[in-house]
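Reckoned from all heavy atoms, side chains included, excluding hydrogens, waters and symmetry mates. Protein chains get the first letters and strands the later ones, always in sequence-line order, with residue 1 at the start of each.
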There are 2 protein chains.
Amino acid sequence: MNQHTPIPRTIVEAAIQKTGLANVGGASIREIRRLIDLIEADSGVSFLRMEMGIPGLAPPAIGVEAERAALAAGVAQHYPPVAGVPELKHEVSRFVQNVIGVSVSEEGCLPTVGTLQGSMAAFLVAGHMHPGRRAVLFLDPGFPVHALQARMLGLEVRRLDIADSRGPKLAEALEAQLADGSVCALLYSNPNNPTWMCLNDEELAVIAAAADRHDLLVLEDFAYIAMDTRTPYRLDGNAPFQPSVLHHSDRALLLISSSKAFSYAGQRVGMLVVPDAQYARRYPELAGWFGHERFGAALTLGALYGFSAGVSHSAQYGLAAILKAVNEGEYRFLDTADEYSGRAAEAKRIFVRHGFSLVYDTDVDQPLGDGFYFTIAYPGFTGEALVAELFYYGISAIALSSTGARREGLRACVSFLPTEVMPELDRRLAAFRADHPVPKSN
Amino acid sequence: MNQHTPIPRTIVEAAIQKTGLANVGGASIREIRRLIDLIEADSGVSFLRMEMGIPGLAPPAIGVEAERAALAAGVAQHYPPVAGVPELKHEVSRFVQNVIGVSVSEEGCLPTVGTLQGSMAAFLVAGHMHPGRRAVLFLDPGFPVHALQARMLGLEVRRLDIADSRGPKLAEALEAQLADGSVCALLYSNPNNPTWMCLNDEELAVIAAAADRHDLLVLEDFAYIAMDTRTPYRLDGNAPFQPSVLHHSDRALLLISSSKAFSYAGQRVGMLVVPDAQYARRYPELAGWFGHERFGAALTLGALYGFSAGVSHSAQYGLAAILKAVNEGEYRFLDTADEYSGRAAEAKRIFVRHGFSLVYDTDVDQPLGDGFYFTIAYPGFTGEALVAELFYYGISAIALSSTGARREGLRACVSFLPTEVMPELDRRLAAFRADHPVPKSN
């Protein structure tokens, strides 16, 4: 085997030795990057990089120019309002109406330093809403940092792998986790990293009913809002809308990221959207921790003020300008989603043509969409073994095991896989297959 | 009394009634602002605003332009490194060497989303360094948000009012708080909000010795670094240096703010400086919470990553440019401190001329410097009563009671008190004194 590798085996092995990595397949993204740098330098072969989950397209000029104008106008001097500048709050409220079809007052439309600050603040408050309820339920597979946040705050982390509990099985699987009354909050991403699965409207209704029954706070993570390209979202206040738990319950917060949808990861400005009823809801227990019983006040004047006293002033104006352009139909951010989708469709076809299979491929009753991520496996390989073996073919990805997914395989991201490299992907995977013939039994 | 008020009593009373404030003297800064807006609109009299603690000068163009250039170069697309961009880390390290005379490797020079994110992250990690040690000691008077942060994280808040335990009394007062072994961290600000007191080198040595003896983490808050104008700091790597606990112990972190020193509050970019020995120090207990035993790794890959996955990319370049200009002697940021100092000296003289006294006026054996804040009292008035009464004279400030200080009086901030309004301050205080003659016994 390995006779067709585009990179000499000795170079890869020397690089692995140099980094001291005992288990390449289980390496972190940072360790993988260092390994690739070494191999590329020694071999002259460029990797097809699919391990990262970062935007691969330029940010919209309208946001960049609005930030630059705000800086020129002197915003760097003044503390931003903790709950956000009015211009941004206004556009976030419109955006939620346009994309999700739900009305949320500007008061509850909050900027955060990335959506990670939003989830951290939400966990901190949720963990003190009810005495003794200190567990957070994560619907896996998911972005592992969310669970790390809860753990850092001393919350109990519960996990429910929903890949095998989709559709009609979801209610029972959820109830089994919630029955003891310890859970205060529940988080999932839609679409989901690493699988690109999307919970559908029936499933969101099940989650909403559980939230209402158990007085849970649902955190709906939109790291890739409206980027499920199977549905032609209008984004103008008319259906079809981005499915959301807010269509069924107000016991929920939305975490809306600008990193991928707007390629605006660098400025660390996300959105935390609190529906009016949840903003006003009172929890006597919160007063002792945050000085306020009202959820919205505990969140903004307590947690968010304590975390950073606000979000970069100029970045708020940048995001406001982007959202305004979206709201007024002048910036079609879903062109970004379409670009990634086209790449994913083609890359999946190439992988499948060469004997790979999709690990997660179905949303209850329909095929997954093509998006930022997809998941693949190869007969006879664990995920970690496959990561390691693909290194010799100049292809990098991460093992699903590192994401909390139970199934074996890889997560591949298309953000750094432009269309023009697809022929090279095809050649390298052909070489891989030639070196690793699929056994007949498969 | 009140016959000389520049604002008719009825207008002030109507405004108070309109805001529904039961206790004007105890109002928050936000409530005071609303009251002033109403009174100014009705009376046409502009207030002399001394209640806020926000920068009153323009930010340096070099920072603003560097941010704008970074945005034009496309940094908004890319996630910033969690531990900071190399350019910033380099300049922070030089700045610490130049201003404090201490060498800290670039690895430990971290950007944070305001120094509040730095203290929050430090509290989170410190609270898990040693099993069972969950108390933080605050040297009061101080900035109340720090204690709120610790409380939100479930840490025990201990307070030591050091105004009456300065100099040779400090060691014993500290030991009384630390003797039971529950304290994991200790925080103070130098200079201090609200009093502008500065701990001197002997006192810092006492704190350092306590830190070494009890394995404490000291958080030294430089919200106003080098802004004690009594000492002519060189800022070029030569003495005199900003006094710091780092001259006596490496069990300390520095929180260095850009908000006041560089008038850069809006972009939420501060510095958290971890000396090499503390960065490398291992605490087995941390692994279970942050995945790393090493303090620096738990702080950066755990807490700071979880809080926001980094700091605004452009703001990092902006701050790097400001620091570079300071480090190379091209930007004298202490001109800002000198401006505030001149205002404070003159305002203090005017207050004292009209019968006011300074509440906190001495650092052990020398008079306090003139700086961003000073504290005043008037015979026969509590702090809250004085805040309320000065409203009729168009002067706003906050009561010391709201800052955790034990003595009665006001905190006055000079950032919005330019030199040209001093004659008006003089007239209004003369009117105040005429209406409130100081009793002979005083």
Side-chain angles (χ1 to χ4, degrees), chain A residues 54-60 63-65 67-72 74-80 112-114 116-117 119-120 124-125 127-128 145-146 148-149 151-154 259 262-270 288-291 302-303 305-315 318, chain B residues 54-60 63-65 67-72 74-80 112-114 116-117 119-120 124-125 127-128 145-146 148-149 151-154 259 262-270 288-291 302-303 305-315 318:
Chain A
I54 63 181
L57 303 172
V64 171
E65 287 311 315
E67 274 213 55
R68 298 183 76 232
L71 283 161
V75 300
Q77 177 185 339
H78 307 288
Y79 284 98
T112 54
V113 184
L116 279 179
Q117 184 179 61
S119 52
M120 196 77 166
L124 185 65
V125 177
H128 293 306
V145 180
H146 286 135
L148 293 179
Q149 290 183 316
R151 196 177 69 173
M152 281 194 277
L153 292 175
S259 294
F262 309 139
S263 304
Y264 221 70
Q267 297 300 88
R268 313 307 306 126
V269 56
W289 294 92
F290 305 101
Y305 185 58
F307 276 152
S308 69
V311 178
S312 158
H313 217 158
S314 67
Chain B
I54 63 181
L57 303 172
V64 171
E65 287 311 314
E67 275 214 54
R68 297 182 77 232
L71 283 161
V75 300
Q77 177 185 338
H78 307 287
Y79 284 97
T112 54
V113 184
L116 279 179
Q117 184 179 61
S119 52
M120 196 78 166
L124 185 65
V125 176
H128 294 305
V145 180
H146 286 135
L148 294 178
Q149 290 183 316
R151 197 176 68 173
M152 282 194 277
L153 292 175
S259 294
F262 308 140
S263 304
Y264 221 69
Q267 297 301 89
R268 314 307 306 127
V269 57
W289 294 92
F290 305 101
Y305 185 58
F307 275 151
S308 68
V311 178
S312 158
H313 217 157
S314 67

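With respect to chain B, the highest number of heavy-atom pairs below 4.5 Å among A:G270, A:A69, A:G63, A:S263 belongs to A:S263. Top candidate by heavy-atom pairs under 4.5 Å with chain A, chosen from B:G154, B:S314, B:G74, is B:S314. Most heavy-atom pairs under 4.5 Å with chain A, from the set B:G318, B:S259, B:S308: that is B:S308. When B:A265, B:G127, B:A309, B:G56 are compared by the number of non-hydrogen pairs under 4.5 Å with chain A, B:A265 comes out ahead. Note: B:M120 leads B:M120, B:E65, B:Q117 in heavy-atom pairs under 4.5 Å with chain A. Ranked by heavy-atom pairs under 4.5 Å with chain A, the first of B:A76, B:P59, B:G288, B:A58 is B:A76. Top candidate by heavy-atom pairs under 4.5 Å with chain A, chosen from B:Q267, B:H146, B:E67, is B:Q267.
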Let me see the working for B:F290 and A:R151 under side chain to side chain contact (heavy atoms under 4.5 Å, CB included), right down to the final yes or no. CA-CA 8 Å; B:F290 305 101; A:R151 196 177 69 173; over 6 Å; no
Verify side chain to side chain contact (heavy atoms under 4.5 Å, CB included) between B:R268 and A:V113, making sure each step is shown before the conclusion. CA-CA 10 Å; B:R268 314 307 306 127; A:V113 184; over 6 Å; no
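Across every non-hydrogen atom of B:G266 and A:P80, the tightest pair is O-CD, 3.8 Å. The two residues A:V64 and B:A72 have their closest heavy-atom pair at CG1-N, 4.4 Å. Closest approach of A:M152 to B:G306, counting heavy atoms only: CE-CA, 3.7 Å.
With a threshold of 4.5 angstrom between heavy atoms, A:Q149 approaches chain B through side-chain atoms but not through N, CA, C or O. Using a 4.5 Å cut-off between heavy atoms, A:V145 touches chain B through its side chain atoms alone. Contact of A:H128 with chain B is made through the side chain alone, with heavy-atom distances under 4.5 Å. Neither the backbone nor the side chain of A:L148 comes within contact range of chain B; no heavy atoms are under 4.5 Å apart. Both the backbone and the side chain of A:Y305 come within contact range of chain B, judged by heavy atoms closer than 4.5 Å. Neither the backbone nor the side chain of A:V269 comes within contact range of chain B; no heavy atoms are under 4.5 Å apart.
A:T112 is linked by a side-chain hydrogen bond (donor to acceptor under 3.5 Å, both in side chains) to nothing, counting only residues two or more places apart in sequence or in another chain. Qualifying ring pair (Phe, Tyr, Trp, His ring centres under 6.0 Å) partners for A:F307, counting only residues two or more places apart in sequence or in other chains: B:F307.
Proximity of a side-chain donor or acceptor of B:Q77 to a complementary backbone N or O of A:L57 within less than 3.5 Å is detected. No side-chain donor-acceptor contact under 3.5 Å links B:R68 to the backbone of A:L71.
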